[in-house]
Amino acid sequence: MSDRVRFAPSPTGFLHVGSARTALFNWLHARSTGGTYVLRIEDTDAERNRPEMTSGLLSELEWLGLDWDEGPFYQSEQKERHREVVQDLLDRELAYLCDGDNELVKGNQIRDGLAVRFRMPKNEVIEFEDVVRGSVSFATDDLEDFVIWRSNGTPMFLLANAVDDADMGITHAIRGEDLLSGVPKVLLLLQAMDAPQPTYAHLPLLVNEQRKKLSKRRDDVSIADYRDRGYLPEAMVNYLSLLGWGPPDDIEVRPLEEIVQLFAIEDVNKAAAFFDLKKLEFVNATHLRELKKNDFVERAKPWVEDKAAPWPPDKFDEGRYLTMVDLVQEKLRTLSDLPRFIDFIFLDEPVDDPDSWHKAMVKAPFASEILEGTFTALTDCTWETEAIKEVVTKVGENLGIKLGKTQAPVRVAVTGRTVGPPLFETMALCMDREEVLNRISRARSRL
RNA sequence: GCCCCCAUCGUCUAGCGGCCUAGGACGCCUGCCUUUCACGCAGGUAACACGGGUUCAAAUCCCGUUGGGGGUGCCA
């Protein structure tokens, strides 16, 4: 029989990077073993559930490319089944009714206003083999009777989880280490139901710089936010796959399909992993560079569309944009870097960046002479890359400085910034001579 | 408090008793390339938490210490 795994998020917010990693490792296990990946929404907590969050969750999973084979199933729809199991446990006196003060109440019929607790056996040791952690054991004497049915008539997580896993034939429960200490209780429930126990694999937690579990409050954990900040889904899953696991051949940046080939849940390590934005950026930049041009253009759309772009819509020019893409794609860390590499093309004025101005115009020597010289020479040179480069080079030679220094004031005059696309190509291919001369002239008078 | 888990460069990891004077990657630093930036290339920096065992041999096994984390809800 092939493995059946599930990703079972609760819909209490957008997809969290920690959850995404759990989803990914489940997906990888299913795909690499030819198993089945089930999606189940654990929405038993009516109070905290926000139905509208589910759609975000699903679309973010889709965005990451983690397609599921079955579901989404909604746990809330199994309420009668959960009730049936709880009632059975009550009938067999493996559970008991209790009131708001946790006092035992006589009777064995589920009733509104009363919760149901599972009776913890005495003096037993619950031991199980975790695929990543090895043998783990708990003494039942350290555990308390726990609630499996709320007084408001809904099942508790542990109960619903155990019942659903059993009913759905889940063979492997792959999830975060924060759920490790709940295992003995689930095992007891499964045993009481006479259901088989799944194989567990508890993944190391993802932590912040303080080594604390990533949290919604403190940390940047929303997958949607990363998407909106210009990270590619393939970079996201690639990076996430590297937290708690490493490819045997040491090649870290690669397509998901290759990771599927190499992944084995047994190889996952135990220590918590710091979510390192720097490395994510590196992985993202690498994937960004490898995109085919038409693919890149497609993905970049949200950043250059009318409503998002920093330039007026009517100034945008498709042809010039496509030319600029060739010049800047390799320079980006994220897609959101794109606008500031090309905005000056579609703006009336170069961007005003005080730091750049100070560095290239105020602090650097000969700024005025360079602008003067290039203005004159650009007036009648051939308007193409090599000719422009020659002109600027010559101006620098006359002043005894290298091209790297000479281009700086020109770049700031034209683009507004010290960093940007290749200057001469940009000027020759995407700007008019008149516009360039105007900008140089304006910079001169500002000096 | 109690229970459980974890411990290799700053970070992510390789290592599953001898191949380790510990490998790779990110970051950082140096140089080269170069029209800025980025890429690329060549180098460099930097780790087995500590103490006991076991063994001919330990980063790898065992015990303890210390440190960190998770759990301990009628949340999931």
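The sequence lines fix the lettering, A, B, ..., with proteins before strands; numbering per chain opens at 1.
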field: Aromatic ring proximity A/W245/A/F263, centre distance under 6.0 Å
entry: yes
message: I'd like to know if A/S181 reaches the base of B/C3 with its side chain such that a donor and an acceptor end up less than 3.5 angstrom apart.
response: no
message: On the nucleotide B/G71, are OP1 or OP2 found under 4.0 Å from the side-chain N or O atoms that A/K213 carries?
response: yes
message: For A/Y96 and A/F146, I'd like to know if the aromatic rings sit close, meaning centre-to-centre distance below 6.0 Å.
response: no
Span that lies between the C1' atom of B/U36 and that of B/G23, in whole angstrom: 36 Å
field: Salt bridge flag under 4.0 Å for residues A/E252 and A/K279
entry: yes
query: Rounding to a whole Å, what distance do you find between A/L15:CG and B/A76:C1'?
result: 15 Å
field: Gap in Å between the two P atoms, one belonging to B/A49 and one to B/C6, rounded
entry: 15 Å
- prompt: Which residue, A/E425 or A/F157, contacts RNA chain B at a nucleotide closer to its 5' end, judged by nearest heavy atom?
  reply: A/E425
field: Complementary nucleotide for B/C26 - Watson-Crick or wobble, under 3.5 Å
entry: B/G10
task: Please give the nucleotide sitting opposite B/C33 as a Watson-Crick or G-U wobble pair, both distances under 3.5 Å, or none.
output: none
message: Categorize A/L179 for me: base, sugar-phosphate, or nothing, with a 4.0 angstrom heavy-atom threshold over every strand shown.
response: base
- prompt: Expressed in angstrom and rounded to an integer, what is the separation of A/D178 atom CG from B/C5 atom C1'?
  reply: 12 Å
Listed nucleotide nearest any side-chain atom of A/T44, set B/G70, B/C3, B/A76: B/A76
Rounded distance in Å between the C1' positions of B/A58 and B/G52: 14 Å
query: Any donor-acceptor pair under 3.5 Å between the side chain of A/K359 and the base of B/U36?
result: no
message: Any base atoms under 4.0 Å from A/K212, or only sugar-phosphate, or nothing? Heavy atoms, all strands.
response: sugar-phosphate
- request: Figure out the CG/C1' separation between A/L180 and B/U72, and round it to whole Å.
  value: 13 Å
message: Ring centroids only, cut at 6.0 angstrom: are A/F346 and A/Y321 within range, meaning strictly under it?
response: no
message: Counting the atoms with a prime plus P, OP1 and OP2 as sugar-phosphate, which does A/F424 contact under 4.0 Å by heavy atoms, base, sugar-phosphate, or nothing?
response: base
message: For a quick check of understanding: with a heavy-atom distance under 4.0 Å over all strands, which category does A/S137 fall into, base, sugar-phosphate or nothing?
response: sugar-phosphate
query: Taking OP1 and OP2 of B/A7, is either one under 4.0 Å from a side-chain nitrogen or oxygen of A/R133?
result: no
message: Using a strict threshold of under 4.0 Å (side-chain N to carboxylate O), is an ion pair present between A/E435 and A/R433?
response: no
task: Identify, residue by residue, the members of residues 110-132 of chain A with a heavy atom below 4.0 Å from RNA chain B, and return them in order of residue number, or none.
output: A/A115, A/R117
Phosphate OP1/OP2 of B/U11 contacted by A/K279 side-chain N/O (<4.0 Å): no
field: B/G15 and B/C61, which share atom name P, separated by this distance in whole Å
entry: 13 Å
Nearest-Å distance once atom C1' is located in both B/U55 and B/U72: 41 Å
query: Just to confirm, is there a sub-4.0 Å distance from OP1 or OP2 of B/G27 to any side-chain nitrogen or oxygen of A/R333?
result: yes
field: Salt bridge present between A/R6 and A/D164 (N-O < 4.0 angstrom)
entry: no
task: Could you check how far CE of A/M361 sits from C1' of B/U36, rounded to whole Å?
output: 13 Å
- prompt: C1' atom, B/C41 versus B/C48: distance in rounded Å?
  reply: 31 Å
query: When all nucleic acid strands are considered with a 4.0 Å heavy-atom cut-off, which category describes A/L423: base, sugar-phosphate, or nothing?
result: base
query: Does any non-hydrogen side-chain atom of A/D43 lie less than 4.5 Å from one of A/S10?
result: no
query: For B/C6, does either OP1 or OP2 sit under 4.0 Å from a side-chain N or O belonging to A/K270?
result: yes
field: Pair A/R439 + A/E349: basic N to acidic O under 4.0 Å
entry: no
- prompt: Are A/H202 and A/Y200 near enough that their ring centres are under 6.0 Å apart?
  reply: yes
Of A/Q75 and A/K278, the one whose closest RNA chain B nucleotide lies more 5': A/K278
Are there any protein N/O atoms within less than 3.5 Å of an N/O atom in nucleotides 13-17 of chain B, and if so, which ones and at what distance?
residue : atom : partner : partner atom : Å
B/U13   : OP1  : A/G244  : N            : 2.4
B/A14   : OP2  : A/N269  : OD1          : 3.3

- prompt: For the side chain of A/Q407, counting heavy atoms from C-beta on, which of B/U11, B/C74, B/U35 is nearest?
  reply: B/U35
message: Could you identify the nucleotide paired to B/C61, looking across every strand shown and requiring Watson-Crick or G-U wobble geometry with both distances under 3.5 Å?
response: B/G53
message: Classify A/R211 by what it touches in the nucleic acid, base, sugar-phosphate, or nothing, heavy-atom distance under 4.0 Å.
response: sugar-phosphate
task: Write down the distance between CZ (A/R218) and P (B/G69), rounded to a whole number of angstrom.
output: 10 Å
field: Complementary nucleotide for B/G1 - Watson-Crick or wobble, under 3.5 Å
entry: B/U72
- prompt: Taking atom C1' of B/U72 as reference, at what distance in whole Å does atom CE of A/M156 sit?
  reply: 13 Å
message: Without decimals, in angstroms, what is the distance between A/F344 CZ and B/U36 P?
response: 15 Å
message: Give me the distance, rounded to whole Å, that separates B/C62 from B/G43 when you measure between the P atoms they each carry.
response: 39 Å
field: Presence of salt bridge, A/K278 and A/E281, under 4.0 angstrom
entry: no
- prompt: For A/N102 and B/C74, what is the distance between atoms CG and C1' respectively, to the nearest whole Å?
  reply: 8 Å
message: Tell me whether A/E372 is salt-bridged to A/R444, with the criterion being a basic N under 4.0 Å from an acidic carboxylate O.
response: yes
field: Which atom of A/T406 lies closest to which atom of A/I370, heavy atoms considered
entry: O-CG2, 3.4 Å
task: Side chain of A/S10 only, please: which of B/A25, B/A76, B/C74 is the nearest?
output: B/A76
- request: Answer yes or no: is there a side-chain heavy-atom contact under 4.5 Å between A/E234 and A/L256?
  value: no
